[in-house]
2 protein chains.
Amino acid sequence: MDYETVLRAAGLRITRQRRTILAILAEDDDHPDALALYRRASRIDPSISLSTVYRTMKVLEEKGAIQRHTFEGGPARFEQAGGRHHDHLIDIETGEVVEFRSDRIERLQEMIAEELGYEIVSHRLELYGRRRKAD
Amino acid sequence: MDYETVLRAAGLRITRQRRTILAILAEDDDHPDALALYRRASRIDPSISLSTVYRTMKVLEEKGAIQRHTFEGGPARFEQAGGRHHDHLIDIETGEVVEFRSDRIERLQEMIAEELGYEIVSHRLELYGRRRKAD
DNA sequence: TTTTGCATTGCAAATCATTTGCAAAGAAGC
DNA sequence: GCTTCTTTGCAAATGATTTGCAATGCAAAA
């Protein structure tokens with residue numbers, strides 16, 4: 001939540017651009033890609049560069065402060081970490097992302113990995129769909 | 001299975017390079033990326049080019065003859081289609097891919113999408129893990 | 001505070017995976 | 001064997017992301 005804390009805890013310096021980027025990520029609750037983030041940040045701080053957005057995303061991802069998702073056929077999109085784990089449903093028409101979670105699926109995944117002799121380190125479940133017409 | 005049929009059915013010409021690529025995809029049951037495919041094909045037909053591998057993958061994917069997977073942080077990997085639907089478990093140490101399927105997960109996905117007001121067009125479920133030490 | 005040292009930035013150029021323009025070579029139907 | 005339309009190899013283009021480098025800016029120490 002408090003990005004200053006996040007940054008400090010990660011041993012990172014608090015810079016104007018990082019503040020700006022993190023503020024955007026905290027306020028907007030969608031899943032912007034680097035370019036979108038860059039454009040939004042530019043409105044607040046016109047001197048910010050796309051490289052910095054990418055670099056910031058990379059560092060913050062390593063520190064676990066944000067999550068990177070690469071949905072089918074598109075650039076990476078980001079969201080701030082910290083919330084509960086969830087998976088994603090992507091509206092293939094609009095690109096909108098809906099979050100959901102299912103403990104049952106989660107458990108089944110564990111069982112499957114177990115059966116196959118593996119230990120799950122991470123996973124990704126994405127549903128791609130279109131809004132059902134309410135008729 | 002019979003790639004000549006696949007190609008002909010798709011209205012595509014049967015060329016030496018397509019034959020070669022499809023033969024490799026049919027024989028090897030792993031999930032090679034374009035470069036690996038190119039290297040294997042080169043051993044059989046040294047004149048083949050990487051562009052052709054990419055082009056062939058693209059056409060065949062459109063025709064539904066192969067499937068493209070983009071696992072985390074890596075180039076696209078391919079497998080011939082036709083088998084039953086399945087998901088993937090990727091060994092993060094070796095890159096090896098294990099296929100699995102779960103009707104229960106499949107059904108839960110449907111339910112979730114339904115609840116969210118969406119119709120699933122496709123989905124992807126990937127487990128990333130490491131082999132459990134048998135101790 | 002001022003100083004100092006290392007982190008961070010902006011810019012341009014590099015990289016990686018993949019696609020594409022184009023002229024030459026090759027299928028397929030006649 | 002022609003003719004036509006497809007496919008190929010090559011090189012150059014593309015899109016997303018990363019990186020080298022010199023300049024700038026934090027932050028800890030003085």
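Keep in mind the model is a prediction, meaning the values are calculated, not measured. Within every chain, numbering begins at 1; the chains are lettered A, B, ... in the order of the sequence lines, protein sequences first and strands thereafter.
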Note to self: Measure CG/B/Leu50 against C1'/D/dA12 and give the value in whole Å, please.
What the structure shows: 14 Å
Check: Closer than 4.0 Å, any side-chain N/O of B/Arg18 to the OP1 or OP2 of D/dT8?
Finding: yes
Next item on the list: Among the candidates C/dT18, D/dA16, C/dG10, find the nucleotide nearest to the side-chain atoms of A/Pro75.
Entry: D/dA16
Check: Counting distance only, does the side-chain N/O of B/Arg19 pair as donor-acceptor with the main-chain N or O of B/Ile14 below 3.5 Å?
Finding: no
Next item on the list: Would you kindly give the CE-to-P distance between A/Met57 and D/dT18, to the nearest whole Å?
Entry: 11 Å
Notebook entry, point to check: Under 30°, 30 to 60°, or over 60°: which ring-plane class applies to B/His69 and B/Phe71, parallel, tilted or perpendicular?
Noted result: parallel
Note to self: Whole angstroms only, please: what is the CZ-C1' distance between A/Arg68 and D/dA16?
What the structure shows: 10 Å
Next item on the list: Ignoring backbone atoms, establish whether A/Tyr54 has a side-chain N or O less than 4.0 Å from OP1 or OP2 of D/dT18.
Entry: no
Notebook entry, point to check: To the nearest Å, how far apart are A/Leu12 CG and C/dT9 P?
Noted result: 9 Å
Note to self: Without decimals, in angstroms, what is the distance between B/Lys58 NZ and C/dA17 C1'?
What the structure shows: 13 Å
Note to self: Does this structure show an ion pair linking A/Arg132 with B/Glu119, if we count only N-O contacts that are shorter than 4.0 Å?
What the structure shows: no
Check: What is the distance from CD of B/Glu62 to C1' of C/dT18, rounded to the nearest Å?
Finding: 14 Å
Check: Rounded to the nearest 0.5 Å, what separation is found between the CD atom of A/Glu27 and the CG atom of A/Leu22?
Finding: 11.0 Å
Check: Which angle, rounded to 10°, do you find between the first-five-pair axis and the last-five-pair axis of the helix from C/dT1-D/dA30 to C/dC30-D/dG1?
Finding: 30°
Check: To the side chain of B/Arg13, which of C/dG10, D/dT6, D/dA27 is closest?
Finding: D/dT6
Notebook entry, point to check: Would you say the side-chain atoms of B/Asp28 pair up with the backbone N or O of B/Asp30, donor to acceptor, closer than 3.5 Å?
Noted result: no
Margin query: Using the side-chain heavy atoms of B/Arg55, tell me which of these nucleotides is nearest: D/dA27, C/dG21, D/dT17.
Written below: C/dG21
Margin query: With rounding to the nearest 0.5 angstrom, report the CD to CD distance, A/Glu79 to A/Gln67.
Written below: 5.0 Å
Item checked: Of the listed nucleotides C/dT20, D/dT19, D/dG9, the one nearest the side chain of B/Gln17 -> D/dG9
Next item on the list: Using heavy atoms to find the nearest nucleotide of DNA chain C for B/Asp33 and A/Ile48 separately, return the residue whose nucleotide is more 5′.
Entry: A/Ile48
Check: Could a donor-acceptor pair under 3.5 angstrom be found where the side chain of B/Ser51 meets the base of D/dA11?
Finding: yes
Next item on the list: Determine yes or no for a side-chain-to-main-chain donor-acceptor pair under 3.5 angstrom, with A/Arg68 supplying the side chain and A/Ala76 the backbone.
Entry: no
Item checked: Proximal nucleotide (of C/dA28, C/dC11, C/dG5) relative to the A/Ser49 side chain -> C/dC11
Notebook entry, point to check: Between B/Ser47 and D/dT8, does any side-chain N or O lie under 4.0 Å from OP1 or OP2?
Noted result: no
Notebook entry, point to check: In whole angstroms, how far is the C1' atom of C/dG10 from the CG atom of A/Asp45?
Noted result: 11 Å
Checklist line | Whether A/His31 and A/His86 hold their rings parallel, tilted or perpendicular, with breakpoints at 30° and 60° | finding: perpendicular
Margin query: Please confirm whether the shortest side-chain N or O distance from A/Thr52 to OP1 or OP2 of C/dT8 is below 4.0 Å.
Written below: no
Next item on the list: By nearest nucleotide on DNA chain C, pick out whichever of B/Ile14 and B/Ala34 is the more 5' one.
Entry: B/Ala34
Item checked: Whole-Å gap separating P (D/dA16) and CG (A/Leu35) -> 8 Å
